[in-house]
Amino acid sequence: DLHSFPTRRSSDLIKYDSAGTTLWAAVSSNGGVNAIAVDKSERVYVAGNGGIIRYGPSGDSAWFVPDYCTLLTIDSSGAVYCAEAGAGTGVEKYDSSGDKLWSSDIVSYVYGLALDDQNQVIATGTSRSASGSICMTARWNSNGDTIGTYYYAGAAMRAYAGKCVAIGPEGTFCVAGEAGWINESNIVVLRYSSTGALLSTGTYDGPHGRSFDMALAITVDTSGNAYVTGISESGDGNDALTIKYDRLGRTVWIARTTSYMYGSSIAADDSGNAYILSLSGWLIKYDLHGSLVWERQCGWDGRHLAMSKDGNIIAGLVDVTIEYSPGGDTVWAAELDSSQAYGFDRDSKGNIYVTGEGDNPDSPSDVLTIKYDAHGVQMWARRYNDGLGGQNCGEAVTVDKRGNVYTGARGSSGWVAVKYDSSGSLVWTVHGGEGGSYPYAILADQRERVYLNTQDAFLRIDSSGSSYVPSPFGG
């Protein structure tokens, strides 16, 4: 049997209607979910460790681009803008068919990405200079032409970086960043006009002297007020910090609490109320004066907040998605069930594929891959062991349109890729890497070429399994 471990390499995507009823679910071995976006045609774009997948309105997979990213936004034509936070890879744009249109690396390290109503993409992060790091924000039009670059470096001998960006009214945009030095950092909030002129600057230095204060999320309401949440070091640990700034950069209110670790996502309604989701799974509502209205324990590991069209707040956590009314009442909740394996996939017929770690009396463990039909009846199970005496463990699994099954595994001395046909017969195995190297994700294209994202590299294996090369998309 499979060892009982939570899923860590598969990606689960579920669509609910406004009442919380499941409309469809899609699963892939895309190495988890880093970001998600939906266009006006209800097509869904998911960025994982393996790449970017676009799903149709009914949950069918339309295309896959093996480009790792953690920041993702979509324009009105369905084009994709993406970046890997803090990796020095810049910003890239793909069209609605998944073809790359352009890329730009003028922002050395991107941490925040947003798109305005003119389809202008804005990225903020940091740029290296002779005197250190400075906050840099850049803006491009839909053709990839640079509209402007905006630098901020306040006091000397500090490192500056933009961490997140949000679009405001009348073409304005706000950047929340940090000004850091040895053993301390302060929050900086910059407001720019539609032409890129700096309108105001707001700062925050916590009450505990030389300490770490960091912005993690920002939103702007229809009046132009900016709301920032993040983390602030205190004498007893870390506080969840939320600050409201007016259009002139003046502090309206500050809320600190020691109960929620730190704020990871923020939203604001048209009445000036702010909603904060914390890493520890608490959802907090503050009124326009910063007074606590209510708080709810949702689950654990809070990730994303969204406002519905009717003013409800939707909280996305690792283990549950919940919609609340403005009064804090639960409208609906949907818990996410984790498969008891490392890798999980499903084909168009509803067959289920699972991989993980199987017991072996003669070695620490085998790579175990199982196929079930749509009713959960086991169709076949296959074991693989490299015979070198070490731990063998399936980490990710995917199935192509022909029913071939591909397992990415950790072997005794590196990574292993295994291909089975639809009946479970072994087609080929490929080995590589060094001891301890294992795959984060595995995917196959229409030509049966396999893309394997490992600790060491991003690889493309040919359809025959006879050779592999670094993927042209990079690791």
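- Between the side chain of E233 and the backbone N or O of F212, at least one donor-acceptor pair lies under 3.5 Å.
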For S325 and N312: C-alpha separation, side-chain torsions, deciding distance, then whether side-chain hydrogen bond (donor to acceptor under 3.5 Å, both in side chains) applies. CA-CA 5 Å; S325 70; N312 290 338; 5.2 Å; no
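- When atom types are taken as modelled, the side chain of W63 and the backbone of Y55 share no donor-acceptor pair closer than 3.5 angstrom.
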Determine whether N225 and S223 satisfy the following criterion, side-chain hydrogen bond (donor to acceptor under 3.5 Å, both in side chains), listing intermediate values before the conclusion. CA-CA 6 Å; N225 300 300; S223 299; 4.5 Å; no
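- S193 places a side-chain N or O within donor-acceptor distance of the main-chain N or O of T195, the cut-off being under 3.5 Å.
- The backbone N or O of Y245 lies less than 3.5 Å from no partner atom in the side chain of T251, so there is not a single donor-acceptor pair.
- The local environment of CD in Q297 is crowded, with over 12 non-hydrogen atoms from other residues, nucleotides or ligands closer than 6.0 Å.
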Would you check, one step at a time, whether the test side chain to side chain contact (heavy atoms under 4.5 Å, CB included) holds for W24 with Y16? CA-CA 7 Å; W24 52 257; Y16 303 98; over 6 Å; no
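- Once rounded to the nearest 0.5 Å, the distance linking NZ of K244 with CD1 of I254 reads 13.0 Å.
- Interatomic distance, I122 CD1 to L113 CG, rounded to the nearest 0.5 Å: 9.5 Å.
- Atoms CD1 and SG, from I322 and C298 in turn, are 4.5 Å apart once rounded to the nearest 0.5 Å.
- Of all heavy-atom pairs spanning I74 and A37, the tightest one is CG1-CB, 3.3 Å.
- Of the possible donor and acceptor atoms, one in the side chain of T70 sits under 3.5 Å from a partner among the backbone N and O of A85.
- Ring geometry, Y468 versus W415: the interplanar angle exceeds 60°, so the pair is classed perpendicular (tilted spans 30 to 60°).
- The main-chain N or O of G78 is never found under 3.5 Å from a side-chain atom of R54 such that the two would form a donor-acceptor pair.
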May I have the step-by-step check of side chain to side chain contact (heavy atoms under 4.5 Å, CB included) for C69 and N34, ending in yes or no? CA-CA 7 Å; C69 69; N34 298 325; over 6 Å; no
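- Between T242 and W253, some side-chain heavy-atom pair lies under the 4.5 Å cut-off.
- Side chain of S185 to main chain of A179: no donor-acceptor pair is present (N/O by atom type, distance under 3.5 Å, no hydrogens or angles).
- Taking the six-membered ring for Trp and the full ring otherwise, W140 and Y81 have centroids separated by 6.0 Å or more.
- I52 has its side chain within reach of C82: a pair of non-hydrogen atoms, C-beta onward, lies under 4.5 Å apart.
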Please assess I187 against T203 for the test side chain to side chain contact (heavy atoms under 4.5 Å, CB included), listing each intermediate value before the final yes or no. CA-CA 5 Å; I187 293 173; T203 60; over 6 Å; no
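- The shortest side-chain heavy-atom distance between V175 and Y192 falls under the 4.5 Å cut-off.
- The shortest heavy-atom contact between T355 and G394 is OG1-CA, 3.5 Å.
- Looking at heavy atoms from C-beta onward, V44 lies in side-chain contact with I36 at the 4.5 angstrom threshold.
- Side-chain contact between F64 and D445 is absent, with no heavy-atom pair separated by less than 4.5 Å.
- Looking only at distances, no side-chain donor or acceptor of N143 sits under 3.5 Å from a matching main-chain atom of D145.
- Under the 4.5 Å side-chain criterion, counting only non-hydrogen atoms from C-beta, T149 is in contact with M136.
- In plain terms, the two heavy atoms of L71 and G112 that are nearest each other are CD1-N, 3.9 Å.
- The CD1 atom of I314 lies 9.0 Å from the CE atom of M307; values are rounded to the nearest 0.5 Å.
- For the side chain to side chain donor-acceptor pair (under 3.5 Å) test, residues two or more places apart in sequence or in another chain that qualify with Y275 are D269, K285.
- Formation of a donor-acceptor pair under 3.5 Å by the T126 side chain with backbone atoms of Y160 is found in this model.
- Judged as a salt bridge (charged side-chain N to carboxylate O under 4.0 Å, His left out), the pairs with a partner in residues 163-177 (not counting sequence neighbours) are, in order, K163-E178, E170-R247.
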Please evaluate residues L198 and L190 with respect to the criterion side chain to side chain contact (heavy atoms under 4.5 Å, CB included), reporting the C-alpha separation (whole Å), side-chain torsions for both, the decisive distance (0.1 Å), and the verdict. CA-CA 7 Å; L198 183 62; L190 310 171; 4.0 Å; yes
For Y324 and D329: C-alpha separation, side-chain torsions, deciding distance, then whether side-chain hydrogen bond (donor to acceptor under 3.5 Å, both in side chains) applies. CA-CA 5 Å; Y324 292 95; D329 298 318; over 6 Å; no
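- The shortest side-chain heavy-atom distance between V91 and V110 falls under the 4.5 Å cut-off.
- R256 CZ to N238 CG: the interatomic distance, rounded to the nearest 0.5 Å, is 9.5 Å.
- Listed here is the closest heavy atom pair of A444 and T398: N-CG2, 4.0 Å.
- A distance of 11.5 Å separates OG of S278 from CG of L216, quoted to the nearest 0.5 Å.
- Among all heavy-atom pairs drawn from V220 and P169, the shortest one is CG1-CD, 4.0 Å.
- Closest approach of I442 to T407, counting heavy atoms only: CD1-C, 3.8 Å.
- For the pair L283/L305, a side-chain contact is recorded, criterion being any heavy-atom separation below 4.5 Å from C-beta on.
- D67 places no side-chain N or O within donor-acceptor distance of the main-chain N or O of G51, the cut-off being under 3.5 Å.
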